[in-house]
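Data block below; observations after.
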Amino acid sequence: MMKHFITFISLFFCLMVGAQSQADILAYIDKYKQIALDQEREFGIPATITLAQGILESGAGKSGLTRNSNNHFGVKALGGWSGGVYKAWDDEPQKSSFRVYASAAESFRDHSLVLKNSARYRSLFSKSIYDYRGWAIGLQKAGYATAKNYASALIGFIDTYRLYTVNGGVKLRPGKTVVVTHTKKNAQPTFDESCQMDEEEQSEEEQTVKEAVARFVVDINDVACTILYPGTTLNSIAMQYDIPKDQLLEFNEVVVEEELKEGDIIFLDKKKKKYMGARDFYYAKKDDTLYGVSQQFGIKVANLAKMNHRDPSEKLYEGDKLRLK
């Protein structure tokens with residue numbers, strides 16, 4: 001879970017707006033790209049990185065924290081903060097205090113100051129503003145987030161939504177040094193071809209993000225749910241929806257978070273005893289499990305097993321017919 005910054009969406013807004021959809025992300029970029037560029041010019045933090053972090057940590061502006069406090073980066077009310085405070089769950093045993101801002105611009109500036117004034121991020125400022133891969137990896141190494149895939153999530157959002165074009169950069173090839181071959185004041189820079197990736201070529205990080213966003217859901221079987229997006233953890237979802245992590249584990253019928261993986265459906269309430277939709281049966285596909293089918297249709301594993309006279313851990317074979325109600 002992110003140590004200093006967090007949050008997506010509160011349960012209050014879940015059924016109204018859901019997790020971030022592609023339309024939400026595009027609207028967020030259009031609305032805040034100029035503020036991100038202002039931060040780049042003043043502090044030297046790539047606008048690409050600022051926008052990607054804002055998308056990820058505010059749920060493209062849809063989180064309860066962002067809507068109620070203008071806090072786009074989950075900055076806590078620490079360090080002698082004298083302004084307003086908003087309470088929300090994170091990885092602490094009780095709700096934490098987060099800063100309330102008068103505007104989004106104030107939140108973006110405070111985020112820049114946190115990065116600029118912290119010794120742990122000092123080395124990042126020697127990197128080019130066009131080196132979004134180096135910045136993303138550097139942020140994770142410096143301890144900005146504990147989500148193991150945080151850097152790849154940032155890169156994925158940048159590549160997917162071509163955020164590198166916001167500041168005149170290019171799509172970067174993994175493992176290559178960013179080489180700016182020519183730049184003039186107020187002119188577009190040019191880059192050595194060795195560090196560029198073709199626009200049509202899809203990066204591994206881009207593919208992961210596209211697959212996750214494509215699975216955007218609000219509810220299944222009349223039960224509210226979301227997706228474990230790249231760069232997030234169950235702890236961050238707990239805070240985003242104001243639901244204790246233990247309850248999320250219970251709702252999703254797992255003992256530990258490690259049983260869940262990126263892209264999985266995460267239920268925000270108890271699953272039903274049977275499927276409420278029109279479908280009566282499901283035919284198992286290769287590698288299906290009873291648990292996976294229970295998540296797909298929002299049915300408790302024990303009830304699905306009982307309806308089909310099976311043990312919950314019993315192996316499924318391709319073509320097996322399962323009752324859903």
Side-chain angles (χ1 to χ4, degrees), residues 1-3 5-15 18-20 56-57 59 62-65 74 76 87-96 98 145-150 153 208 211-212 215-276 287-308 310-316 322 324:
M1 183 173 192
M2 300 168 209
K3 292 181 179 179
F5 315 91
I6 318 198
T7 302
F8 275 176
I9 305 164
S10 72
L11 181 60
F12 181 78
F13 292 104
C14 174
L15 297 177
Q20 75 259 39
L56 181 59
E57 293 157 23
K62 299 297 183 181
S63 77
L65 175 63
K76 290 186 178 180
K87 296 281 189 178
W89 287 106
D90 64 356
D91 55 354
E92 301 295 329
Q94 64 281 322
K95 288 190 174 184
S96 295
F98 292 86
T146 57
K148 294 179 181 178
N149 56 357
Y150 185 71
T208 300
E211 288 174 356
R215 297 193 72 195
F216 164 73
V217 290
V218 175
D219 66 72
I220 293 174
N221 204 19
D222 292 329
V223 183
C225 57
T226 187
I227 296 292
L228 189 59
Y229 285 97
T232 64
T233 65
L234 204 62
N235 278 330
S236 58
I237 290 177
M239 190 199 71
Q240 293 150 19
Y241 292 89
D242 202 18
I243 302 171
K245 179 181 174 180
D246 287 348
Q247 281 193 8
L248 288 174
L249 290 170
E250 179 187 337
F251 295 158
N252 291 277
E253 301 185 279
V254 295
V255 178
V256 292
E257 183 176 357
E258 286 69 28
E259 295 181 60
L260 301 169
K261 63 184 185 301
E262 185 178 278
D264 276 353
I265 294 164
I266 304 297
F267 284 92
L268 307 175
D269 205 341
K270 292 179 180 178
K271 293 184 287 183
K272 301 286 180 66
K273 293 182 178 180
K274 62 180 181 179
Y275 187 54
M276 308 303 289
D287 299 325
D288 267 345
T289 63
L290 273 175
Y291 176 75
V293 175
S294 80
Q295 290 290 99
Q296 184 178 342
F297 290 96
I299 309 169
K300 292 180 180 180
V301 177
N303 292 94
L304 182 63
K306 184 177 180 180
M307 275 190 287
N308 290 279
R310 292 173 179 265
D311 185 271
S313 60
E314 185 175 330
K315 183 177 180 180
L316 294 180
L322 296 175
L324 301 176

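Keep in mind that what you see is a predicted model, and the values were worked out from it rather than measured.
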To check you understand the geometry: which heavy-atom pair defines the closest contact between [X] and [Y], and what is its length?
| X | Y | result |
| --- | --- | --- |
| S294 | E253 | OG-OE1, 4.3 Å |
| A145 | Y150 | CB-CG, 3.5 Å |
| K272 | D222 | NZ-CB, 3.6 Å |
| L316 | L290 | CD1-N, 3.6 Å |
| I220 | Q296 | CG2-O, 3.4 Å |
| G74 | L65 | CA-CD2, 3.8 Å |

**Message:** A quick test of your reading: do over 12 heavy atoms of other residues, nucleotides or ligands sit less than 6.0 Å from NZ of K95?
**Reply:**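 Buried by this count: over 12 neighbours within 6.0 Å.
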Check whether any side-chain N or O of [X] sits under 3.5 Å from a backbone N or O of [Y] as a donor-acceptor pair, and report yes or no.
| X | Y | answer |
| --- | --- | --- |
| N221 | M276 | yes |
| N149 | P230 | no |
| E259 | V256 | yes |

**Request:** Under the side chain to side chain contact (heavy atoms under 4.5 Å, CB included) rule, what do L249 and L234 come out as? Steps first, then yes or no, please.
**Result:** CA-CA 9 Å; L249 290 170; L234 204 62; 3.5 Å; yes
Test item: [X] and [Y] side chains (from C-beta on) under 4.5 Å apart, heavy atoms:
| X | Y | result |
| --- | --- | --- |
| K274 | L324 | no |
| I243 | L268 | yes |
| L322 | V293 | yes |

Distance from [X] atom [atom1] to [Y] atom [atom2], nearest 0.5 Å?
| X | Y | atom1 | atom2 | result |
| --- | --- | --- | --- | --- |
| I237 | T226 | CD1 | OG1 | 5.5 Å |
| Q94 | K87 | CD | NZ | 8.0 Å |
| L260 | T233 | CG | OG1 | 11.0 Å |

**Fill in**
Sorted by chain and number, sequence neighbours left out, side-chain contact (heavy atoms from CB on, under 4.5 Å) with D269 holds for V223, F251
**Request:** Under the side chain to side chain contact (heavy atoms under 4.5 Å, CB included) rule, what do F267 and L248 come out as? Steps first, then yes or no, please.
**Result:** CA-CA 7 Å; F267 284 92; L248 288 174; over 6 Å; no
**Message:** Is it true that S313 and D311 share a donor-acceptor pair across their side chains at a distance under 3.5 Å?
**Reply:**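 Side chains of D311 and S313: pair found under 3.5 Å.
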**Message:** Let's go through K270 and E250 carefully: what are the C-alpha distance in whole Å and the side-chain angles of both, what is the deciding distance for side chain to side chain contact (heavy atoms under 4.5 Å, CB included) to 0.1 Å, and is it a yes or a no?
**Reply:** CA-CA 8 Å; K270 292 179 180 178; E250 179 187 337; 3.9 Å; yes
**Request:** May I have the step-by-step check of side chain to side chain contact (heavy atoms under 4.5 Å, CB included) for I266 and I227, ending in yes or no?
**Result:** CA-CA 6 Å; I266 304 297; I227 296 292; over 6 Å; no
**Request:** Take Q295 and N252, measure what side-chain hydrogen bond (donor to acceptor under 3.5 Å, both in side chains) needs, and give me the verdict at the end.
**Result:** CA-CA 8 Å; Q295 290 290 99; N252 291 277; 3.2 Å; yes
Which donor-acceptor pairs under 3.5 Å do the side chains of residues 297-306 make with protein atoms, sequence neighbours left out?
none

